[in-house]
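Reminder, nothing fancy here: chain letters follow the sequence lines and each chain counts from 1. Only heavy atoms go into these numbers, but all of them, side chains included; no hydrogens, no water, no symmetry mates.
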Amino acid sequence: MAEKMAMAKAINESLRRALDSDPKVLIMGEDVGKLGGVFRVTDGLQKDFGESRVIDTPLAESGIVGTAIGLALRGYRPVVEIQFDGFVFPAYDQIVTQLAKMHARSLGKVKLPVVVRIPYGGGIGAVEHHSESPEALFAHVAGLKIVSPSNASDAYWMMQQAIQSDDPVIYFEPKRRYWDKAEVDPEAIPAPLHKARVVREGTDLTLAAYGPMVKLCQEAADAAAEEGKSLEVLDLRSVSPLDFDAVQASVEKTRRLVVVHEAPVFFGSGAEIAARITERCFYHLEAPVLRVGGYHAPYPPARLEESYLPDLDRVLDAVDRSLAY
Amino acid sequence: MAEKMAMAKAINESLRRALDSDPKVLIMGEDVGKLGGVFRVTDGLQKDFGESRVIDTPLAESGIVGTAIGLALRGYRPVVEIQFDGFVFPAYDQIVTQLAKMHARSLGKVKLPVVVRIPYGGGIGAVEHHSESPEALFAHVAGLKIVSPSNASDAYWMMQQAIQSDDPVIYFEPKRRYWDKAEVDPEAIPAPLHKARVVREGTDLTLAAYGPMVKLCQEAADAAAEEGKSLEVLDLRSVSPLDFDAVQASVEKTRRLVVVHEAPVFFGSGAEIAARITERCFYHLEAPVLRVGGYHAPYPPARLEESYLPDLDRVLDAVDRSLAY
Amino acid sequence: MTVESSAARKPRRTAAGKAGTTGTKAGTTAGRTGATGTQRTTRSTARKSTEPELVQLLTPEGKRVKNAEYDAYVAGITPEELRGLYRDMVLTRRFDAEATSLQRQGELGLWASLLGQEAAQIGSGRATREDDYVFPTYREHGVAWCRGVDPTNLLGMFRGVNNGGWDPNSNNFQLYTIVIGSQTLHATGYAMGVAKDGADSAVVAYFGDGASSQGDVAESFTFAAVYNAPVVFFCQNNQWAISEPTERQTRVPLYQRAQGYGFPGVRVDGNDVLACLAVTKRALERARNGEGPTLVEAFTYRMGAHTTSDDPTRYRGDEERLAWEAKDPILRLRRYLEASHHADEGFFAELEAESEALGKRVREAVRAMPDPDHFAIFENVYADGHALVDEERAQFAAYQASFADEGGH
Amino acid sequence: MTVESSAARKPRRTAAGKAGTTGTKAGTTAGRTGATGTQRTTRSTARKSTEPELVQLLTPEGKRVKNAEYDAYVAGITPEELRGLYRDMVLTRRFDAEATSLQRQGELGLWASLLGQEAAQIGSGRATREDDYVFPTYREHGVAWCRGVDPTNLLGMFRGVNNGGWDPNSNNFQLYTIVIGSQTLHATGYAMGVAKDGADSAVVAYFGDGASSQGDVAESFTFAAVYNAPVVFFCQNNQWAISEPTERQTRVPLYQRAQGYGFPGVRVDGNDVLACLAVTKRALERARNGEGPTLVEAFTYRMGAHTTSDDPTRYRGDEERLAWEAKDPILRLRRYLEASHHADEGFFAELEAESEALGKRVREAVRAMPDPDHFAIFENVYADGHALVDEERAQFAAYQASFADEGGH
Ligand SMILES: Cc1ncc(C[n+]2csc(CCOP(=O)(O)OP(=O)(O)O)c2C)c(N)n1
Ligand SMILES: Cc1ncc(C[n+]2csc(CCOP(=O)(O)OP(=O)(O)O)c2C)c(N)n1
Ligand SMILES: [Mg+2]
Ligand SMILES: [Mg+2]
């Protein structure tokens, strides 16, 4: 049953399954139809499910999310694609003031099961606005759930769960991992959507990450192991809610934590994790929670992104600094 | 020279001075002209400086900020008003992808001296979208500077400095303090725009806040003093850049820190402050940095805002919890 | 010259069919620019010559005028239905006045009065069918009334006990939307869904003259046109967006906006309930027939302040209001009812009593409206729950309990 | 039937003056809806009957056709200037081809080709005056050329060494803007500033057919109209927004959009450099004369892929491209130049050599383009500095230095 497939393909298969099993599921976005999206994540879906289920929209992100809200009010479950991270901002108002708040505004009468897919992050040598990691800008907003898979299997299952969720879910797809393959078993019993997963056990320090940085942290743990350091790697999977219990459990064991994400450190996910875990584990921590992430600067041109993005050395440097306490 | 005036009036006077001294300064926004803005902050300015300097705009926030960018490119220094915090989001794309990034994009050739004024925060019993504190959503974005005055004198001077700045400044006005009066001396030598200020010295614990919460923290310090606790109160004044040196200096003395803001705690300013100060002061802190702020929920209807907003008891509760470590 | 003053000058339509209506056929738009720039009319003269006429069925004096295009839509209307429209307007105005005074008494934090816009709202609201869906702004109290929403439900958000106090699906009447323009996209999406379902329902999206400038409204026009969605865009041009006159939003009549998006626009006398009924019915019929969207511009007037927080004396004079009072929507229907003997003194007296009863009921209901429980902050943030909300709720509970323990802090 | 195929059928204009132009006079828009819904034309038939004609001065065969309205704007054009336009187009195409092949060779990360749009860009670009200001998208290489921007500067962002490699104020040519539609507001604001300054300069905002759907573009129309800003909205309708045909963005011709905002729109043959020159000159003249904005829709075709990352075979056929190749902008001017003996073999040969030289220069310049210093990340984030940037720069420096110390990690 299980099949090895790339993450982009896994999401495609998951969307296909959702379209197949629930006639209310719709796919919307720019170029999602014939083209199958610029990353081919929706490849073949319009051909098989028709233009009324897989909808090429006008070039207007606020319009895409706004009409998706209307379709959800009518009983549909739209999965909308934002072509690249940097293009979600025209839709930001609809996401923040409408999509996030309508359930509360209606005292629970209205549900908006809308999934907003955002290919995000860097490492692909792209031009401006194509490599950003804006998850913190959504996590601060109540009413949204924010997830990001790190591998094909999670991508498949988390998409199933996001579509089934009665809450709006912002689903961040780590575009530089689109082509990484993993086993996907469509008959497995998936883990809960908002729970973190220990992807590598360790005793000396915890590395916490999500999306594109999980693989990097695993590599860092490998490298550290060669130096005799035992790192635990946590795939957070969900940014809102954030599985603080899992982080706490790990940190109570390892007593050290480094959080890694591509987004700028300043006001990023690492800040929230550091603040809360320090509060929860004040007497356990042997070092301050350290953060590795982007700088307080616009995402740089492609030839500089290597210096901007967390890499093996920067993660290991933070590990060393933590262990030096 | 110095005159006692309400914060709204101080901002009005500061705008008037800027219009007077620099013909390139413009005021733009909805209802800023004849009406003088819904809070009368621009009262009388159109009458005295004309419709070409004080511009009632169409009802379109993206258009307001987008055309302000164009005017700045032409050499103007627009000060734009967003009528209420919750209405800044239609302009979010222009602020985040254009206003914040054009200086870097142009390798420094282009400067965008635009001030975006946002009356923000709650406590005024308003309807939805009129009481939010979205500063974290801007602070995460490089290229913007974020400030918020807590009193009339700062409001006056920080507006002068914001307009003189060659960088875009988001100027958050604590609307519930608009009517609070303080001495404003138009001939004083103002403190630097991005430096925090110790507004009350203390030895047992540091309370850090900005904008509307500074007054609350001062009241909390008064109350605590009666119980024999000596609290230092820091008015941060600027959220980006954030004066970590000042916080660090205070915490090295008091060894305890509580951060207070109206915005939701989750991914809020307090997270960044807690993370960074914990890193800087790891061996000084006797307690984890605690945060008092809004909950992870949409800003509630007016009759519930008292429970949602930080108040004296909640601040003192956090103080007690910190001191209990 | 402003739009409203010019309209005040010529309240009657002449050539019935084509007044204030634009089609989608490009071939028929003969307007063109001259060969040299200097030939072109200046803005103000263009204004004068382009002042469109309104679809009107009842003059301000209450006289029924013929209209070849729209008469059919009110042809079968009975005296009872006419009295019903009158009753709707009177009760809506009474409710609105009560809310305004409740605000003055401190029972409401704010009120956005619809005074003057009763005909636009009742006419369009009564044109809808039960299975249609309405997306209002924050001022559609009259439409809510037509949809059967209990008016006291509208007061919750203005009192500050909730952010929207009814179930949108009970009456197919969406919650009030405060962020200007947003709801037009929701309406369009909903209409796309109606079309997908193969239903012949339609959708009405309300918005104001100020809202016409928002990008969201333009995007909703694009989506509605491209997907041929069964939606009626109903713009109440009440001449003001808070302190800004309509000319701060557009230099041509708003109904013309539709043409550039490929669907018809029509300007109707927004103080004429019959015309509003007819024009909306026609637009809804188009929508049901699969002919896509229509923009209706109801030319009306905000007789009161923007909200109870507003002071209109700062930006507009009394003359304007006086001119519009002569065109009062309720008065004109009353004149018609009286002249045509469709209503007698008994009817008006009974209605007066009903109005008073409504006022009383509203007053009592508001005063009895309980403050929400403080834990409501944490309710309905998510449909499927959220760990952090649970955690914060628990902390809040413990914190509250600590006061009980200590007997106060 | 799609817009482009229909246009392919009738490339020539008939009635010169009024083709494809809408004015702002509402009184002349006689198009209206019938009295009953069923009378209305369906979408597709409406499409057919509304297909507007283009302003055209040169046929695809290179024949000069008269146009009462626009001839004046190219009346004084000299053979040398005509050869200049031809040279501009040829060199732009050569530059573009070089960039495409540099991308294939891995020297650029991406390239957005303007192939097929040379006439629209050179015609409009040459219509501008030095003191005008241009706001491009990411594809205006031909306009950049006209503005005197060194073409090698355009390559920096596509190579990934910067996000915009020129000083916008050197040539009054703003940086490329990638977020669709944003620049139309900047252009409008800039134009508002020009008007405030009392200057008679004008502004041109470029955008695509896809961009026409963005709320920002609609808002720029509103602002430009309300403030009567001296801006020309130049929409290159190249029939595609990546994989989406123009009918995903609008159901009527795009130039008509302007009318609903109260300013004129005109559709020009975007593959006719003379017509583009004339129409843009006229629009700029209006702007300078204080007559406000104009929307120009240049009806053209994106002959290549959207960018080098795109594979157009997935969504469009070859026939379409072939039809448009017959209307090639360069070919038609060459035919005209040859037929009218305005250019001889020597000219073409020399130009060929110049093209090659340009290609070589671009190739060499790109290959010589150094990678930026890594500290550039921290430069120009702020004009007046920022404590956190300073702190992170220092940390970065220390981190970098640690490798030097250790001789690598
Ligand atoms: C996005 C946004 N910006 C600003 C406001 C503040 N505001 C509330 S009502 C209003 C004027 C609306 O005018 P119009 O659309 O004509 O509707 P009317 O109030 O006249 O019914 C403004 C500016 C808002 N609610 N939303
Ligand atoms: C806001 C935004 N959304 C999406 C994109 C991705 N994108 C880049 S170009 C493009 C199509 C643009 O089409 P059009 O406006 O017709 O211009 P053309 O590329 O044909 O010149 C899209 C969707 C973007 N750059 N910005
Ligand atoms: Mg209005
Ligand atoms: Mg295009």
Shorter than 4.5 Å, heavy atoms on both sides: which option in Q214(D), E244(D), E391(D), H374(D) has the most such pairs with chain A? E244(D)

Look at V127(A), D56(A), V265(A), T57(A) and state which one has the largest set of heavy-atom pairs under 4.5 Å with chain D. D56(A)

Does any heavy atom of chain D fall under 4.5 Å from the side chain of Y299(A), the backbone, both, or neither of them? backbone

Heavy-atom pairs under 4.5 Å with chain A are the metric here; pick the option from N163(D), V381(D), V161(D) that has the most. N163(D)

Using heavy-atom distances under 4.5 Å, tell me whether Y382(D) contacts chain A through its side chain, its backbone, both, or neither. side chain

Measure R40(A) against the heavy atoms of chain D and call it side chain, backbone, both or neither at under 4.5 Å. side chain

Give, as side chain, backbone, both or neither, the part of Q83(A) having an atom under 4.5 angstrom from any heavy atom of chain D. side chain

Where S213(D) and P58(A) come nearest, the two heavy atoms and their spacing: OG-CB, 3.6 Å

With a 4.5 angstrom heavy-atom cut-off, is it the side chain or the backbone of S62(A) that approaches chain D, or both, or neither? neither

In Å, rounded to the nearest 0.5 Å, how long is the span from OG of S212(D) to CG of L59(A)? 8.5 Å

Look at H296(A), K34(A), R314(A), H129(A) and state which one has the largest set of heavy-atom pairs under 4.5 Å with chain D. H296(A)

Rounded to the nearest 0.5 angstrom, the CG-CG distance for L35(A) and D311(D) is 8.0 Å

Quick check on the interface: out of R314(D), H306(D), E379(D), H386(D), who has the most heavy-atom pairs with chain A under 4.5 Å? R314(D)

Is there a side chain to side chain contact (heavy atoms under 4.5 Å, CB included) between S307(A) and F396(D)? Walk through the geometry before answering. CA-CA 9 Å; S307(A) 303; F396(D) 183 77; 3.9 Å; yes

In terms of heavy-atom contacts, I377(D) and Y295(A) come closest through CG2-CD1, 4.4 Å

Given heavy-atom pairs under 4.5 angstrom as the criterion, report whether the side chain, backbone, both or neither of R159(D) touches chain A. both

Report the option among D216(D), V389(D), V179(D) that has the most heavy-atom pairs separated by less than 4.5 Å from atoms of chain A. V179(D)

Nearest heavy-atom neighbours spanning L304(A) and D373(D): CD2-O, 3.6 Å

Can you say whether E306(A) sits under 4.5 Å from chain D via the side chain, the backbone, both, or neither, judging by heavy atoms? neither

Measure L110(D) against the heavy atoms of chain A and call it side chain, backbone, both or neither at under 4.5 Å. side chain

With a 4.5 angstrom heavy-atom cut-off, is it the side chain or the backbone of F378(D) that approaches chain A, or both, or neither? side chain

Can you see which heavy atom on P372(D) is nearest to which on R303(A), and at what distance? CD-CB, 4.1 Å

Short side-chain to backbone donor-acceptor contact, D31(A) and S243(D), under 3.5 Å: yes

By a 4.5 Å heavy-atom criterion (distance strictly below it), what part of F87(A) contacts chain D: side chain, backbone, both, or neither? side chain

Under 4.5 Å from any heavy atom of chain A, what part of N380(D) do you find: side chain, backbone, both or neither? neither

To the nearest 0.5 Å, how far apart are OG in S309(D) and CZ in F39(A)? 8.5 Å

Checking E305(A) against chain D: side chain, backbone, both or neither under 4.5 Å from a heavy atom? neither

